[in-house]
Amino acid sequence: MAGSRFLLAGIILYAGARLSGAPPSPRREWRTAFIVGACLLLGGNGGVTLAEQYVPSGIAALLVATVPIYIALLSWLFGMSKRPSALTWAGLAGGFAGVGVLLGPALRFSMPGESPHAWIGMVILLCSSLIWSAGSLYSRAVKSASSPFLAAGQQMLCGGALLLVAGLTRGELQHFDPRLITTQSLVAFVYLVFIGGIVGYVSYAWLLRYCEPAKVATYAYVNPIVAVLLGALVAHETLSLRTLIAASLIVGSVAVVIMAQRMSARDSSISAIIESGDCAR
């Protein structure tokens, strides 16, 4: 289902971009789209899809919120940003402490309403968040199609196809019965194609292209809180004290990391202005 929704969204977006006059992409841009689609959709979204068979959606959103923390680490390790400040390190430590609050007890026992194999889902989520972060940084460092809509369509075409292949390889098709499709599931699928796929993914891809990662990552303030509340209210997921403590640590740490990155970027801009003024004099 993940593969089919992204593939359909990619077809719609790619066709729309081409009909609007976007030129066809050379092979190197398709190679970039394949790598980004593999990281963000197969590794990132595909990992979340698998993990939610073991963990509630609220916990999944909390662990996915570690993406800004991974981005801060990876961008430093690969020379895309300078060494993290003490404030950033404090945020990183707090974020991983929150992950430990969620993951540590799950390795030994499960809470009421939690799968005994919840730790499997949490490990998958941590790995998929790392892959998503790497793909996000890669997409900023390489040349994509000039049209952000065409580029996003290419990425969803490649990523959706890879997800479909993965699903077929796992033997999922034999469990699919079209007669069991309900109106509710069909509406949910259409929503995920147009809102989660076209609107959500294109927005993220556009922001990655034109905004600093620290600004793009501010979605991590809101998503986990909304997901935890909706999971409790709509899906009747258990909202334990452990989840609340982990949520406070992770979301608070993400806020600290993003704030530290924005302060660092602002200081660099001020230094550049001063230096250019010195040169002018």
Side-chain angles (χ1 to χ4, degrees), residues 2 39-75 88 90-137 159 163 192 196 200-201 204 213-214 216-258 261:
C39 290
L40 269 62
L41 299 182
L42 177 62
N45 190 271
V48 174
T49 303
L50 287 177
E52 289 205 19
Q53 298 180 49
Y54 303 99
V55 297
S57 60
I59 290 180
L62 285 177
L63 290 174
V64 170
T66 58
V67 164
I69 295 175
Y70 280 126
I71 287 179
L73 279 175
L74 291 176
S75 60
T88 302
L92 295 175
F96 285 115
V99 171
V101 170
L102 283 178
L103 183 57
L107 295 174
R108 301 190 301 274
F109 57 88
S110 59
M111 300 294 289
E114 187 176 88
S115 167
H117 302 296
W119 67 271
I120 298 176
M122 293 182 191
V123 171
I124 293 174
L125 284 166
L126 291 174
C127 293
S128 64
S129 297
L130 176 61
I131 296 171
W132 176 283
S133 303
S136 297
L137 289 173
L163 281 167
L192 288 173
Y201 188 83
Y204 185 77
V216 180
T218 53
Y219 76 91
Y221 291 142
V222 182
N223 277 15
I225 299 173
V226 173
V228 168
L229 292 177
L230 285 179
L233 294 174
V234 179
H236 308 292
E237 296 175 353
T238 302
L239 190 57
S240 65
L241 178 61
R242 169 178 150 222
T243 302
L244 291 174
I245 293 173
S248 301
L249 283 169
I250 292 173
V251 176
S253 298
V254 167
V256 170
V257 170
I258 294 174
Q261 287 180 323

What heavy-atom pair brings [X] and [Y] nearest, and what distance separates the two atoms?
X	Y	value
Y204	S136	OH-OG, 2.8 Å
G98	A246	O-CB, 3.6 Å
A60	V55	CB-CG2, 4.2 Å
L163	G46	CD2-CA, 3.7 Å
S128	G47	CB-CA, 3.9 Å
S253	G94	OG-C, 2.9 Å

Practice task
Report yes or no: does T66 contribute a side-chain atom to a donor-acceptor pair with the main-chain N or O of L63 at less than 3.5 Å?
Solution key: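 Checked: pair present.
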
Practice task
Without swapping roles, check the side chain of Y70 against the backbone of I131 for a donor-acceptor pair under 3.5 Å.
Solution key: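 No: the side chain of Y70 does not pair with the backbone of I131.
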
Problem - CD1-CD1 distance between I250 and I245, expressed to the nearest 0.5 angstrom - result: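 If I round to the nearest 0.5 Å, the distance is 12.0 Å.
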
Handout entry: Worked check of side-chain contact (heavy atoms from CB on, under 4.5 Å) between V48 and L125
Key = CA-CA 6 Å; V48 174; L125 284 166; 3.8 Å; yes

Exercise for the section: Identify which one of L249, L126, L62 satisfies the side-chain contact (heavy atoms from CB on, under 4.5 Å) criterion when paired with V99. Expected result: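 Answer to the side-chain contact (heavy atoms from CB on, under 4.5 Å) test with V99 among L249, L126, L62: L126.
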
Practice task
May I ask you to test the V254-I69 pair for a side-chain heavy-atom distance under 4.5 Å?
Solution key: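 Side chain of V254 against side chain of I69, heavy atoms only: contact under 4.5 Å found.
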
Practice task
Measure the acute angle between the ring planes of W132 and Y201, then classify it against the limits of 30° and 60° as parallel, tilted or perpendicular.
Solution key: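 Plane angle over 60°, so perpendicular.
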
